[in-house]
Every structure is written in C-alpha cells, then in structure tokens.
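The structure displayed is predicted, hence computed values, not measured ones. Chain identifiers are assigned alphabetically (A, B, ...) following the order of the sequence lines, protein sequences preceding nucleic acid strands; residue numbering begins at 1 within each chain. Heavy-atom basis, side chains included; hydrogens, waters and symmetry copies ignored.
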Number of protein chains: 2
Amino acid sequence: MDPGTTPDYDPQAFPPFAVTVDIVVMTIIEDELRVLLIRRAVPPFRDSWALPGGFVRPDEDLSTAAVRELAEETSINQEPDHLEQFGTYGHPDRDPRMRVVSVGYWAIIPDLPTPKGGSDAAYAELVPVAELEGGRIRLAFDHDRIVTDAIALARSSLENTTIATRFCPPEFTISDLRRVYEAVWDSKLDPGNFQRKVKQTSEFLQPLNQTTRSGDKGGRPAALWVKGPAEKLSPPLSRPDSN
Amino acid sequence: MDPGTTPDYDPQAFPPFAVTVDIVVMTIIEDELRVLLIRRAVPPFRDSWALPGGFVRPDEDLSTAAVRELAEETSINQEPDHLEQFGTYGHPDRDPRMRVVSVGYWAIIPDLPTPKGGSDAAYAELVPVAELEGGRIRLAFDHDRIVTDAIALARSSLENTTIATRFCPPEFTISDLRRVYEAVWDSKLDPGNFQRKVKQTSEFLQPLNQTTRSGDKGGRPAALWVKGPAEKLSPPLSRPDSN
DNA sequence: TTTTGTATTAGTCATAATGACTATATCATA
DNA sequence: TATGATATAGTCATTATGACTAATACAAAA
C-alpha cells in the first residue's frame, strides 16, 4: 500500500471498496471432508449455497472479522482450531452490486457441534467436498473458486505440515490421524507405513501411554497420542499419485 | 464475501475501505537476493524506504493493479516473470491516515534494467535483503512484515517448486541455478549433489546441447539449459539447516 | 472355551534419495 | 606446459520409502 507516494495525490480521494471476509470451514464427518455452507436468503444468488462471511468493520482486524462472522452466521461458538488466510479475491465483476474485495480464510474445526444457522444465516450445513468437486453443488459469486483454492491449500498443507492433527480431538489414535489424511486426500494409505512415518518424525506426536477400547468392529486397541510441538514435516508425507 | 445474507442490510451502507497493492520485487544481483524499494517523497514516513504499490482502480483487477503500479513507480517496462499474491494486510492502524487494506504480490525479475524511479516515485533502488533482515534498513508502514512474509514464501517455494528458474535468463547453466538457491537461502550447496538433483527431476530442465565459454576465473565450460515444463518438485530440494 | 474377524503394531526387503566425498574433464591463464 | 578454477561424473554409507508379511490384542460369534 502506498497512498501518498505521489505528492499531488489527495489521500482522501481514494476509490471506496467494500472489504469482506469469507471463511472456508473444514471438518471431517463420517470419514468425509466437509465444508460449511449457508443458504442465501436474499438476492443475488438467493437460495444458492455460499460461504459464511461478511463485511469487515471499520475498526476491526481481518482475522477478527473472520472469527466474528463465523460465530454470527453459523452458531459455532468454539474458536476454530486453525484460522489461516489463504487468498484475496477482487475481480471487479465478482459481485454484481458493487466493488467488493474479499479475503479468504481457512478454518479447521475438529468436532463440529450441529450447525443450525445463527441469527444472520437462513441455514447452515456441512457439505461433502465431493459434492462440490463433482459439480453437483454450485456456489454463489466466485465461491467455487475460493473453495477450490482452500481445498488445494489443505491438501498441500497435509504433505508439509502437521496441521492434520487439528482435525482430531485432543487425544487421538494414529489411525484417526490416518483417516484425516485419507479423507482430505481422498485416497487410501498403508496403515503400517503411515504409522512408521508419523512416529519417526520427532515432535509430530506425543504418546499418552493409554489405549482406546476396541472399536465397533473389534481389533486391537490403539495407543492414544496428543499433538506435538512440530509444525513442519520434512521430508514431507508424500501424497499418492500427486507426483 | 457475503453482503446480502442479512435480509435487512442495506448493501450500499458498507464501511468504505481503501484497497491497495504492494509489490515485493525480487532479483539477484552479484549473487545477492535483493528487493526493489522506493524512497517516499511525502509524509507519513517521508524519506523512508517503502514497497512500490498504490491504489487499486475502481474497475481494475488486483493483479492488473500490481503490474500497473510496478510500471508506474519503478520504470520497469518488462512484465515480471512471476507475479503471485501471497498475503493481505488489513490491520486497522497500519496506515495512520485511513483504513487501508493492502494485497501483497511477489514478483520475480530475472535481470533488472537499472531502476531509476518512474514518474510516481522519487527514487527506486534494489536493496539486499540482508540489509533488511539485519535491521539496518527499516521500512514504512508494516512493509517490514510484508517483505518478511514474501522472503519466507520465496525460500519455501524454492524447496517445492521450480520457481528458481524465473530468476535466471532464458538460457542458463546449472551453476547459475545453484547460485540462485544459494542467494535466496543464504547458504552454500554442494555443486555435485545439486547437479544430480536437478537432473534427475524430470522436466525441471531441458538441455540445449550448447555450452558457455568459461567464466572470468576459468573452469570447464558449462552446459546450457532452459526451463522445463515441471512446476512442482517432489521430493523437494531440501534446504540445509531448515530441518 | 475356542474360533473367527478386525484393526493395530512391528518387522522385512528391495529400491530410491541424500549427504559427504573423490575423481575426472575442460577450459583460461600464468 | 603447468596451474588454477569450475563443471561434471562417480562412489559409498545412510536414510526414507513402498510393498508386503507377521505378530498382537481385543470383540463377538460359534
């Protein structure tokens, strides 16, 4: 930004923009990666699905606006475990009413309370990303593009960071973590190799010295772990096919 | 973005923001990574160094504004080889005069013509990033933070993508490419291992079947290469120490 | 109680990639 | 012709990986 570089420019005469935030909230339900969408109540794109979001207030930081809008529009009272800015969208025609620049945030919520739509939103729902990627659900404005970018970031982040733990509750098994990878990447991973990899990456996981009871279908009880301090994975946990 | 979700909201009554772009232009001169800065001619931060940038026009896309401002403020007539959005900065106090949201772009220029400052800018100069990281040069507004983020992105991108070729002229040697890595990462790389790595990554480089003459200090002539179609490096070219 | 099924966890093995290092090739220049 | 410099090829031990087998520990069925 650099208003004021030109000496004879009136700093008050800037072209006014609306600035908004849009939040792509991801969670995993039934081993499926899902995104939180709301049903629009007013034109344009009335009755279409759209991302939760809204205007940034005059004295509010961008990330603060994202947290606030999330709470207002979706009755999510818990703070997201992860909130990361990933892109800004400002094409002149992206909103038919006026010039709007929107900042996209990626949020992860480990175990989402049943969303019902807050005061602002008519209706909120967790939609499987497969519905969006298959083209069976189309979103308002340029939100398809925004979600596509967020999904790409999520898939890439799982390769290079330990962010996958944010999808899990505080205590989890290595198989829980593997199912996060499988849901986000939409591919199966070898359980043994996955276990070896996350264990040899120091600080990724910390042992709890407890085990779960067996699951519904039996099986050996699994050890419980908590997230470790490591943020980066190097070498990365490479995604099948993606080479 | 979602103005209009709330039924009784007046879509014209949005809080007005100024939207700007700031461009972090990187190039390598004398085996040093450098960033293009301009000297501010007016308050606030008069005579301080700042990033080139300016207001987005009412009917202009964000990336278009970045290219335009770059040309206007720095007399760079060539299009940058790479222009990538990397972050948006919107803290309420980041500009003392008004509420400004700025979108940061990372640009790479392989061989920069001598910058002199265009009509808008008093003075433009290519400053070594070591001067900024050492704290010997401080920038106006929150531009230190913006440059720091851009440098982090550049260092990370060299690990995982083939973007380093954008710092090179169309035809280059593997040692030229290695010196790009050494300049951006500020660390020495083994010439033999580097050569093996970039050669075995298919599509990274394409051979030209020509050689250069020896350099100033003699040495065996090097083969010439051009950038290949590959964009991603997997496995990555891992950075020393950074583990 | 024994068997079966299932998931977790450990281990094997061939292959690939890496870091550190040595050797050779090919030029300019002393 | 010798020397210095750089590019390029090759060696070798170590580590990481993918594919696979085996052992472990539970629930539930027989």
Between [N] ([atom2]) and [X] ([atom1]): distance, integer Å:
X	N	atom1	atom2	result
A/Asp176	C/dT9	CG	P	10 Å
A/Glu159	D/dA16	CD	P	18 Å
B/Lys199	C/dA16	NZ	P	20 Å

Of the options [options], whose atoms approach the side-chain atoms of [X] most closely?
X	options	answer
B/Lys217	D/dT6, C/dT9, D/dC26	D/dT6
A/Arg178	C/dT8, D/dA16, D/dC26	C/dT8
B/Ala222	D/dA16, D/dG18, D/dT8	D/dT8
B/Ser175	C/dT9, C/dT18, D/dA7	D/dA7
B/Arg196	C/dT9, D/dC12, C/dC13	D/dC12
B/Gln195	C/dA20, D/dA9, C/dC13	D/dA9
B/Arg220	D/dA7, C/dC27, D/dA16	D/dA7
B/Asn193	C/dT8, C/dA17, C/dA20	C/dA20

Mark yes or no for whether B/Arg155, through its side chain, and B/Val184, through its backbone, hold a donor-acceptor pair below 3.5 Å. yes

With DNA chain C as reference, determine whether B/Gln200 or A/Trp225 sits nearer its 5' end, using the nearest nucleotide of each. A/Trp225

Does C/dG19 have its OP1 or OP2 closer than 4.0 Å to a side-chain nitrogen or oxygen of B/Ser238? yes

Any idea how A/Phe141 and A/His143 line up, ring-wise: parallel (<30°), tilted (30 to 60°), or perpendicular (>60°)? tilted

NZ or CZ of B/Arg39 within 45° of B/Trp49 ring axis and under 6.0 Å: yes

Just one of A/Thr201, A/Val198, A/Leu158 clears the side-chain contact (heavy atoms from CB on, under 4.5 Å) bar with A/Leu237, so which one? A/Val198

